[in-house]
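Structure first, then comments.
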Amino acid sequence: AFSETADSLKQNSLGNRKWFEVISLRGYGQVRYNRLLETNEKLGCDQCDKSWGNDGGLFIRRLRLVFYGWVNERIYFYVQPDFASSSGSTLNYLQLRDAFVDLGIDKENIFRVRIGQSKVPYGFENAQSSQNRLTIDRADGTNSAFVNERDLGVFIYWTPKIVQERFETISTLKLKGSGNFGMAGFGFFNGQGANKADLNKKQHIVGRFTYPLLFGKQFIEPGIQAYTGDFTMPSDLLSNGVKTNLDKTYKDERIGATLVIYPQPIGIQAEYNIGKGPQYNKQTDSIEVRNLKGGYITLNAKANIGKDLIYPYFKYNYYDGGKKFEKDARSYLVKEFETGIEWQPNKFLELVVAYTISDRTYEDFVLRNNRQKGNLLRIQAQFNF
Amino acid sequence: AFSETADSLKQNSLGNRKWFEVISLRGYGQVRYNRLLETNEKLGCDQCDKSWGNDGGLFIRRLRLVFYGWVNERIYFYVQPDFASSSGSTLNYLQLRDAFVDLGIDKENIFRVRIGQSKVPYGFENAQSSQNRLTIDRADGTNSAFVNERDLGVFIYWTPKIVQERFETISTLKLKGSGNFGMAGFGFFNGQGANKADLNKKQHIVGRFTYPLLFGKQFIEPGIQAYTGDFTMPSDLLSNGVKTNLDKTYKDERIGATLVIYPQPIGIQAEYNIGKGPQYNKQTDSIEVRNLKGGYITLNAKANIGKDLIYPYFKYNYYDGGKKFEKDARSYLVKEFETGIEWQPNKFLELVVAYTISDRTYEDFVLRNNRQKGNLLRIQAQFNF
Amino acid sequence: AFSETADSLKQNSLGNRKWFEVISLRGYGQVRYNRLLETNEKLGCDQCDKSWGNDGGLFIRRLRLVFYGWVNERIYFYVQPDFASSSGSTLNYLQLRDAFVDLGIDKENIFRVRIGQSKVPYGFENAQSSQNRLTIDRADGTNSAFVNERDLGVFIYWTPKIVQERFETISTLKLKGSGNFGMAGFGFFNGQGANKADLNKKQHIVGRFTYPLLFGKQFIEPGIQAYTGDFTMPSDLLSNGVKTNLDKTYKDERIGATLVIYPQPIGIQAEYNIGKGPQYNKQTDSIEVRNLKGGYITLNAKANIGKDLIYPYFKYNYYDGGKKFEKDARSYLVKEFETGIEWQPNKFLELVVAYTISDRTYEDFVLRNNRQKGNLLRIQAQFNF
């Protein structure tokens, strides 16, 4: 086997196990269409998906491959790229989402250290996988914290055995939990978002505590989370002429609370956070640190109809603040109501249909007066493999 | 297995089968060299490959990985990215080609629905895999329909059992068929091409009918196909100064016929289509809807020499029309003759050597008078794994 | 299995073996932090990693997947992409590093032909995998030969059985060899670097000879190598205003020598090369062919402490010449000392900590007087799977 040694280590380091017993692969994809019953083709939502309104059509929102596995009993790796990444005006390049290693401090992985790019443990909905989420998109109020929910850092998670088991049970019961990001989580990270170079020496820090309570058979999970750091506006996000402070660096911090009553069979999921961060101010033509606040409340239910699973929901979403990872730290005021239903005919397919009533004001140096109201029907087909 | 639940569903949804029994992987690559016996270094062919003439050298034309499998008896997925995708002046990023799911309406998959990005069923040569095609490139006349032959849409295929079996037999006999895109196929899709955002609300529609007749042992496959829709010129394809109509949107439609006499051992493959679409007009400096026509005829043969397979061929290729996915919907007049031979020493390797005599006029707002004539030797090594 | 034939060959060509017995997958990742004890935030090293100094933070330097395997006893393929590839200001797209096929001329692969993108056999440290290398980065003196060490070409390697076995032994003993790039290697290639279009018709040629001598149990490997060709400056690397010769094409050639005394337990690794190539000259504001020289010497050791492996080292690195693949063929004068230690607690993890004392002058048309001196602590965590 001469060539295996040609450019790399001689073996794949897996001992007696075959590579395919150590490394696993799975994936999922989401195709969407947002233009039925559309009342305002100027209404858009960049972070939701780029196929609202004008220029929208069928759209691949996510196409993920996940390479993962335990290389030994205390080391787990997880590499999840996404094909739905654009470069310039061309779509569908493969780019990283997650790339981390978990190192178990103890043999039961009650304490573990996560190194690499992964989700920042800030918020239940942010932590929850899009493969698993009921509503089509995350809420602006909490999802505005980090682009793609992720960053590059070092995180410590503490998950006592009882909590590990409860997270497992919530998953087994298909209650749409967030997965195991620890009962307690703490981390430091670059703070500029996934797949972006750090632009300042100061690291962000984050902490989260969540606990899945059990009342009889009913799971209820309250949580709190907070982060703080400095965010530097990258020059490719600045309009020609917008004013910034000298080092383009702004305080960026939030604190939030979560309450999840799992749908057994009726549930509530609510989160709210406040904080401050960079935001475009059209009165002064400049980016300034401003207060922000927002959150959402979802009413949902879970029903088995024969072998099919059905999840209807109502969601209200509010946000007043900036989005630091958009042009000029674009200023937002969002009030949005959505009702929808997810249908799972089997474990490989999901169909979501939702009707959204949206009132979005989003303004930057170029789009100075931009309040867009409108309704639209949203359709998503998801495939798991 | 705590971390499997960390960011995604707990399991890969495959039931008792191991992941590697459900998901398969294969691939192929093509390396080319086009500069031997070259008589005109200004002669180029963007859609063929970007390594003709000036700035050409050894070139990776395709490097594909295919992840595919049946997740159950009626659901099939197929994800095929290509490493030979450039971004700016840098080559070899991984980008999607195919990403679709086939849903069988019946258990024998006589009717199936395909959702996602895939080849538009317009033309035999377009449908046929490049891994399987005899000639080095597709013909301008029919391949000018869609960039990379693909788009994002929903397609319905109807393939009666007898036709499924004939497609199988053609493949088993290594006659270089097009694979199963249905006896009848119908679909709607964005219409702006693979990996491009839709730019208008109107969907393209396409229909195709093909039938592999059997005379004794001789397969003969006639077919017809047509599509219609609106194509919007994307702004990054417009030269500064070129005139367009107000919404940059143009009628885009074609109808074509196919005749394939499979090489048993001598064959003919011919296609011709007519239609209209956006095309640069140098008289008016503008992009206009103009008529187009073109096609090709290939004479080929299949010979077994010992264990080796040999396929010699002659091909004539003609096109008069625009290429909507190139700068200013570049205007083309192509007359090209090619003779070549493919040698398969085993199933992992293929070598094609061809001599091309080309007369290509291709003009846009900047390249206003550009007729290039020339000859070149083309070499391609292909590897299958 | 209708859809397998839909877009590609019917089968994966692997005969009776399952796909996962033919294709293997492995990978590794490197996360770095370079900003502790940093004395000069203006000191950078583009080719080392882009996270030195200003704008640096935690950084994914490499995240590689390797798809590889023997499709039969004489055909081996190797496809290694990297996720740590940027496009514009966005990081972590997947891009090719290696993509080649080895064809054995004889059944023992003593002679083999490599076709595709792969490492140019120029220098021991260049050939050695980064997964395997002791020091955090390669030395400027020899690594300035080719960007990412690779190019697209055809290479012939001759490795007698005895030399194959010695390369194997060096690998088994974890002595950090370079792998098998032949006892003798010869090749021709585009010469513009990995993932770049060729810009001139002339091919580069390279030759290398290396021999792992055995004195008792001590391996000593001397080697020599040389290449020559023409390099054309790509226009996206030229500052507005810099002068070049008419066709932007420059002589590019080097000759070098290598001596490796493997760490059993104390070792020395040294390389030096001289040559000429394009280089920015600030006296004339132009890119000219100039002489270059440089190399490095490393003192290292290997120690087993229980089950752990420890490799301490000292390295001195010198380069005086241009880097043709950087802006304006940037001019360099580098004098750098580094001491560090690698710790391997098990075969899945490696931690390197190094202290670097650097004096780097690097100048182009914009950065005209730029000598940066400084020290920094460098940390790298590596994961193998």
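The shown structure was predicted, so the numbers you read here are calculated from the model rather than taken from an experiment. Chain identifiers are assigned alphabetically (A, B, ...) following the order of the sequence lines, protein sequences preceding nucleic acid strands; residue numbering begins at 1 within each chain.
- Both the backbone and the side chain of C:Leu94 come within less than 4.5 Å of a heavy atom of chain A.
- Heavy atoms closer than 4.5 Å to chain A are found nowhere in C:Tyr157, neither backbone nor side chain.
- For the set C:Tyr33, C:Phe59, C:Tyr93, the count of heavy-atom pairs under 4.5 angstrom toward chain A peaks at C:Tyr93.
- Ring geometry for C:Trp19 against A:Trp19 counts as perpendicular: the plane angle is over 60°, on a 0 to 90° scale with 30° as the lower cut.
- Using a 4.5 Å cut-off between heavy atoms, C:Phe383 contacts chain A through its side chain alone, with no backbone atom that close.
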**Q.** Pair A:Arg150-A:Gln80, side chain to side chain contact (heavy atoms under 4.5 Å, CB included): steps then yes or no
**A.** CA-CA 12 Å; A:Arg150 290 169 174 87; A:Gln80 177 180 241; 3.4 Å; yes

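- Ring pair A:Phe365/A:Tyr280 is perpendicular by interplanar angle, where above 60° counts as perpendicular and below 30° as parallel.
- Interface remark: A:Gln203 contributes side-chain atoms only to the contact with chain C (heavy atom separation under 4.5 Å).
- Under the side chain to side chain contact (heavy atoms under 4.5 Å, CB included) test applied with A:Gln117, the options A:Asp98, A:Asp151, A:Val79, A:Leu96 reduce to a single match, A:Leu96.
- Only the side chain of A:Ile75 comes within contact range of chain C, with at least one heavy atom under 4.5 Å from a heavy atom of that chain.
- Side-chain contact, C:Gln95 with C:Arg97: a donor N or O sits under 3.5 Å from an acceptor N or O.
- Each salt bridge (charged side-chain N to carboxylate O under 4.0 Å, His left out) pair with one or both residues in residues 186-205 of chain A, not counting sequence neighbours, appears once here: A:Lys201-C:Glu38, A:Lys202-A:Asp230.
- For chain C, the nearby part of A:Asp236 is the side chain; its heavy atoms alone come within less than 4.5 Å.
- Within residues 82-90 of chain C, the residues approaching chain A closer than 4.5 Å by heavy atoms are, in numerical order, C:Phe83, C:Ser87, C:Ser89, C:Thr90.
- Between A:Phe189 and A:Phe146, the distance separating the two ring centers is shorter than 6.0 angstrom.
- Using bins of under 30°, 30° to 60° and over 60° for the plane-to-plane angle, the ring pair A:Phe77/C:Phe385 lands in the parallel bin.
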Q.
Under the criterion side chain to side chain contact (heavy atoms under 4.5 Å, CB included), I'd like the reasoning laid out for C:Asn126 against C:Arg138: C-alpha separation, chi angles, the key distance, then a yes or no.
A. CA-CA 7 Å; C:Asn126 287 339; C:Arg138 292 187 177 86; 3.6 Å; yes

